[in-house]
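To start, the structure under review is shown below, and the notes come after it.
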Amino acid sequence: MMVLTKKMIEIRSILQKVGQSSSLTLPSIVVIGSQSSGKSSVLEAIVGHEFLPKGSNMVTRRPIELTLVNTPESNEEYGEFPDLGLRRITDFSSVQRTLTELNLAVSDADCVSDDAIHLTVYSPNVPDLSLIDLPGYIQVVGQNQPLQLKQKISELCDKYIQPPNVILAISAADVDLANSTALRASRRVDPRGERTIGVVTKMDLVDPTRGAAILNDKQYPLRLGYVGVVSKAPQPPGLFKMGPTNLLSAIAKHENSFFSSHPLEFGPDAGVSVGTTTLRKKLMHVLEQTMSSSLQSTSDAIRQELEEATYEFKVQYNDRPLSAESYLAESLDAFKHSFKQFAEEFGRPQMRELLKSELDQKVLDLMAARYWNKPIADLSVVQLEPDQIADLPKADPSSLYWHRQLDASASALTKLGVGRLATTVVSSSLQSHVDKLLNNSNFATHPFARNAIMEAASTILNERFYSTSDQVENCVKPFKFEIDVEEREWAQGRQHVGDVLKKELRDCEAALGHLESTVGGRRKLKEVMTFVDKSRKGDIVVDGDGRSGAGGFSAALLGKGREAVFLRDRADIIKMRLMAVKSKQCSSIKNKYYCPEVFLDAAASKLASTAVLFLNVELLSEFYYNFPRELDLRLGRHLSQEEVEQFAKEDPKIRRHLEVIRRKELLELVLEKMESLKQLEGRDRDQVVGG
Ligand code: GDP
């Protein structure tokens, strides 16, 4: 006996994990009663501890689903709030505080909520029971309470007092039973009195004869009967609260002495049930019976739920198995695979190209500063013809000035910090590639893993940064003294710098085109540009600060005009540079002082190639070797089960998938337990019949 209740309570807590489903709730004992009827005192007498919220201001605002677990093998008594992850609270005044806080979290404006609090109490002194405490019925609505509160409480209670639950209807002996709100509510849902236990509290407050008459009430006869209790223990003197077993024994003693002093009314022959101990036994018995008779219907309901979950799993997820661990492992493998592919495609040539184009920009800037730095107005008025190109730049190659110009430019290039530049360019390119790979991976929807991976990359790259840039800087050192360029390299440089300039020119022209379209056409832009040109030459005086607009043009338009003039001038210069590079003089290294652009391009190529050799060894190979290992470290075995779950559930699709599987597994487990319980039940019955 009583194994059934324990097992069913176990099943009940598994079902709670599956989630709310009304058909799946196993029978419980629901406690209802008016405020001050002594409801809390009865519950505390059953548990043997003071643990319920106390106070006058509607302290029970949410249902408390209380599970009592009998632990005969242990002396410890403690409470747990599974939803909050609060375990093993041995101090029951702390349980009381938590319950008070959880209840008062419901605002005064709402006053009640149907969001249940789950509390489990483990003790050798409690029976296996599942009880639900509900807010007490009120007679009048208080000052700060919503008008419809009475109705809200009553609706909340109605939800819980449905079958197969057992109703524990609490009424106080000093109030006429006909006026008991609890009994009236119970009668509405259980008119034949089949699943209601009447508890009459405060028996000590009425005359024993009258008390006995109440327990024999024939107005609303109950199959399970009425039990009279005195659940208030006399307070011990002083400030000390009663200890756990003290409360139990004190109440028992107090009740005993009261009932036994009126043997005529409450004695064994009086035909009434009295005392908290009697009540406990009755509750255990009734719950066991109810559980047993609802075994079949509950397992049918579970089977149906399981069928639904199985169907959902099949239709939506193709029966595809998944666990948080396997999902993480697969995602990590796929990511590492994509990284490996990238590593095969990104090597020395790619690094060289990256670095070279960075150096190209530096060369362009250097050239602009050292050679093409004449006042723009001077250059832009020159209308160039192809045959004039031969004169550009108008340099005498034998002049020392041009020698020094070229040497200074080359020196500026080699000394700009190639080591640091190269390492930075390659590092940040690697990081942005990792980011791109992440975007196309499962991890795109997982901020936690994403951060871990980006951090893994930057940790390795940062660790290598200084030594790599030093190495690279050292190996380009010789170029700071001398740069030897061969004819072949010269030809390549000439070709390449031509392409770079052409691209610059295209960019410039595209920007001009864009400006045209924003101001409303080529003619309009031309007009503004002409105005800007004239005003610059001093032909026109722009009034004030020029910002207010001039020549009938708005300030914004003038701004665009200036921008366009700048772009046009720049395009003109680039054209000149391009023509210079293409000119005959620049076809050989012999004329290198004529053609600094080509020379610097060839020098930049040498720098890039040399730097890349060392970048490859110091940075890239190291990164390719360490990165996958770092990923394993950060996302592999070191994560706790909870972290893995948390990771997987970041993606809503995966979360739903995992939930269906979990639900299915739990339901299967529950069903299996139910089946073995049913067999056990059948055997017990056969034995009873047979014996
Ligand atoms: P609740 O509002 O229904 O939970 O009622 P409580 O359990 O808080 O009890 C209301 C008041 O009645 C408290 O002051 C209790 O001490 C008192 N009380 C409860 N049960 C008894 C009883 O059996 N006898 C007496 N004399 N007082 C009781």
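Read the numbers this way: they start at 1 and go in the same order the structure lists the ligands and their atoms.
For ligand 1 and Ser34, the ligand atoms under 4.0 Å from any heavy atom of the residue are 3 (O). Per-residue contacts place Val230 under 4.0 angstrom from the following atoms of ligand 1 (heavy atoms of the residue considered): 23 (O). Near Gln35, with a cut-off below 4.0 Å to any heavy atom, the atoms of ligand 1 are 2 (O).
Looking at ligand 1, you won't find any N or O of Leu205 less than 3.5 Å from one of its N or O atoms. On a distance-only criterion, Ser40 and ligand 1 share at least one N/O pair closer than 3.5 Å.
Distance check, rounded to the nearest 0.5 Å: CG of Leu102 to NE2 of His118 gives 12.0 Å. With rounding to the nearest 0.5 angstrom, the CZ atom of Phe51 is 12.5 Å from the CD1 atom of Ile89. Rounding to the nearest 0.5 Å places CD1 of Ile64 at 11.0 Å from CD1 of Ile132. With rounding to the nearest 0.5 Å, the separation of NE2 in His49 from CD in Glu44 is 10.5 Å.
Nearest to atom 26 (N) of ligand 1 among the protein's heavy atoms is Asp204 OD2, 3.0 Å. Annotation: atom 27 (N) of ligand 1 to nearest protein heavy atom, Lys232 CD, 3.3 Å. In this structure, atom 19 (C) of ligand 1 lies nearest to the protein heavy atom Ser41 OG, 3.4 Å. In terms of protein heavy-atom proximity, atom 9 (O) of ligand 1 is closest to Gly38 CA, 3.6 Å. Residue, atom and distance of the protein heavy atom nearest to atom 12 (O) of ligand 1 are Lys202 NZ, 3.3 Å. The nearest heavy-atom contact from the protein to atom 20 (N) of ligand 1 is Ser231 OG, 3.8 Å. What sits closest to atom 2 (O) of ligand 1 on the protein, heavy atoms only, is Ser36 N, 2.7 Å.
The pair Glu65-Arg12 counts as a salt bridge, with a side-chain nitrogen and a carboxylate oxygen less than 4.0 angstrom apart. With respect to the salt-bridge test (charged N to carboxylate O, under 4.0 angstrom), the residues Arg663 and Glu312 do not qualify. A salt bridge links Arg62 to Asp115: one of the charged nitrogens lies within less than 4.0 Å of a carboxylate oxygen.
Although no hydrogens or angles enter the test, the distance criterion places a donor-acceptor pair under 3.5 Å between the side chain of Lys39 and the main chain of Leu134.
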ring-ring contact (aromatic ring centres under 6.0 Å, His included) for His254 and Phe259? Distances and angles first, verdict last.
CA-CA 9 Å; His254 185 59; Phe259 289 123; 9.5 Å; no
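The presence of a protein heavy atom under 4.0 Å from atom 14 (O) of ligand 1 is ruled out.
Within the 4.0 Å heavy-atom shell around ligand 1 one does not find Gly136.
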